[in-house]
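These notes concern the structure reproduced below.
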Amino acid sequence: MTNNPGDSLDWAQQAYAQLKQKQELEKQKELDKQKELEKQKELDKQKELDKQKELENSEGSRTSVNDIQPKLGDFDEEFTWSAMILQAQGKDPKKISIDEIDWLSKLRRGLEETRKGFVTDLLDKLGDDPLTPEALDDLETLLLRADAGIDSTDKVINALRKKLNEEVVGGEEGIKFLKQELRNILENPIKLSGKKILVPEKGKLNIWLIVGVNGVGKTTTLGKLAHLSVRSEFKTLIAAADTFRAAAVEQLNIWGERSDVDVISNQSQNADPAAVVFDAISSAIKRDTELLLVDTAGRLQNKNNLMDELSKIRKIIDKKVPDANVESLLVLDASQGQNGLKQAKGFSKSADLSGAIITKLDGTSRGGVSLAVSLEVNLPIRFIGAGEGIRDLRPFNSFEFIEALLADR
Ligand SMILES: Nc1nc2c(ncn2[C@@H]2O[C@H](COP(=O)(O)OP(=O)(O)O)[C@@H](O)[C@H]2O)c(=O)[nH]1
Ligand SMILES: [Mg+2]
């Protein structure tokens, strides 16, 4: 299926060299280049339009402004970087879709804020010189500032310090080692869970509870998950168990419509969320649903009520369908930094969480919190969201995440 990763890297490096060469030529042959660019843009635009059409045809769905994807502009640089990342993972260059390139570009752009206050400084400090104890102190400050949390920071710094005591570590090697350490933190809970990525089991009822405080992006994420699920041909159903917010059901109905997924709800005021879930499970059984996505409230009259409510929902599920695969996924807003870690600790005490979803990585983000949540709460990160569009959610990939976080351009 895949090419030799070495070949792929060669291919990417060649593409990059060509780009550089192109930029040189650009200076000399301004006019020629202008024409060429125009032609290229026209071609790309055409490709984009074709792709759009293809999507519209295959899904027959509505598209919003947010869904219209590949944005040109920084195309060359982003394309090259994204292609390299995909190929470093052994992906066949011929099979890389513009969707994948676009997503990685978006992720890199999303993590730009985190990077600015962290990696750029770090790279400046490390440069090509060997790593020094002073550089480690700086790195420690930078990691804390990026919301990586004390424990993650200590872990990485100690590992680097140990290595430094054993040998001379060059700047580039230091970065490589740092990336590996950071990746290990993210990968640990994923490995422990025994599931590399979270996918519903075919032919079985899977129930994913989407939990988290108000405004973090639960409903939006659920809408995106429904889309992903339908695209992957799972029979999907939504339960509107946030009965506290009046507009919540309407918001979910819109998302349901976009992916052609039915929403089970109870319009009456102060309906019992557990009762909605009960009804939804009955429908799911009747329809042979494979993935039931449950939206929950982020705020009730007080905090205890919220946790009680979640455990009540969980009890109903365990009683009614004890064989179902149940996931309790905590949604965290990346821009909330250390607050996200607090939320994760709070929910994990009473909500029996099995994973986390990090949203809003496109805003002014402090992506480091993913590390803190992985290490301190031991939650595998399952998906990440970077935008309000229906396609702006992907399964989490620690390699891509760390490469985007530490991208040096
Ligand atoms: N920029 C950005 N906005 C998001 C993302 N996810 C959700 N939002 C926005 O955050 C706000 C709250 O989202 P909502 O899903 O209603 O949050 P909930 O209260 O947890 O259900 C909405 O305006 C969403 O459009 C994301 O990944 N990026
Ligand atoms: Mg909501």
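Atoms within a ligand are numbered from 1 in the order they appear, just like the ligands themselves.
At least one heavy atom of G387 sits closer than 4.0 Å to an atom of ligand 1. Between D362 and ligand 1 there is a heavy-atom distance shorter than 4.0 Å. Residue contacts with ligand 1 include G215, since one of its heavy atoms falls under 4.0 Å from the ligand.
Ligand 1 has an N or O atom lying under 3.5 Å from an N or O atom of K218, backbone or side chain. Checked against a 3.5 angstrom limit, the closest N/O atoms of D295 and ligand 1 fall outside it. Where the criterion is an N or O separation shorter than 3.5 Å, residue side chain and backbone included, Q251 meets it with respect to ligand 1.
Salt bridge D262/R287: present, at least one basic N to carboxylate O contact under 4.0 Å. Comment: K155 does not engage D151 in a salt bridge, judged by the lack of any side-chain N to carboxylate O separation of less than 4.0 angstrom. By the 4.0 Å N-to-carboxylate-O rule, K195 lies close enough to E327 to be salt-bridged with it. Ion pairing between a basic and an acidic side chain is recognised when a charged N comes within 4.0 Å of a carboxylate O; D272 and K312 show such pairing.
For the residues I358, V213, T219, the heavy atom positioned nearest atom 21 (O) of ligand 1 is part of T219. Selection from R245, K360, E388 by nearest heavy atom to atom 10 (O) of ligand 1 gives K360. Comparing heavy-atom distances from atom 17 (O) of ligand 1 across G298, A386, G217 singles out G217 as nearest.
Ligand-side atoms of ligand 1 in range of K224: 27 (O), range being under 4.0 angstrom from any heavy atom. Set against the non-hydrogen atoms of G385, the atoms of ligand 1 under 4.0 Å away are 27 (O).
If you check the side chains of S398 and E187, you find a donor sitting under 3.5 Å from an acceptor. Using modelled atom types and a 3.5 Å distance limit, the side chains of N206 and E201 yield no donor-acceptor pair.
Surrounding CZ of F177 are more than 12 heavy atoms belonging to other residues, nucleotides or ligands, all under 6.0 Å away.
With a cut-off of 2.8 Å, the Mg ion (ligand 2) has an N, O or S atom of T219 in range.
In terms of heavy atoms, A324 sits closest to I207 at CB-CD1, 4.2 Å.
Ranking the protein heavy atoms by distance from atom 15 (O) of ligand 1 puts T220 OG1, 2.6 Å first.
Contact annotation: the side chain of I381 approaches that of S374 to within less than 4.5 Å [non-hydrogen atoms, C-beta and beyond].
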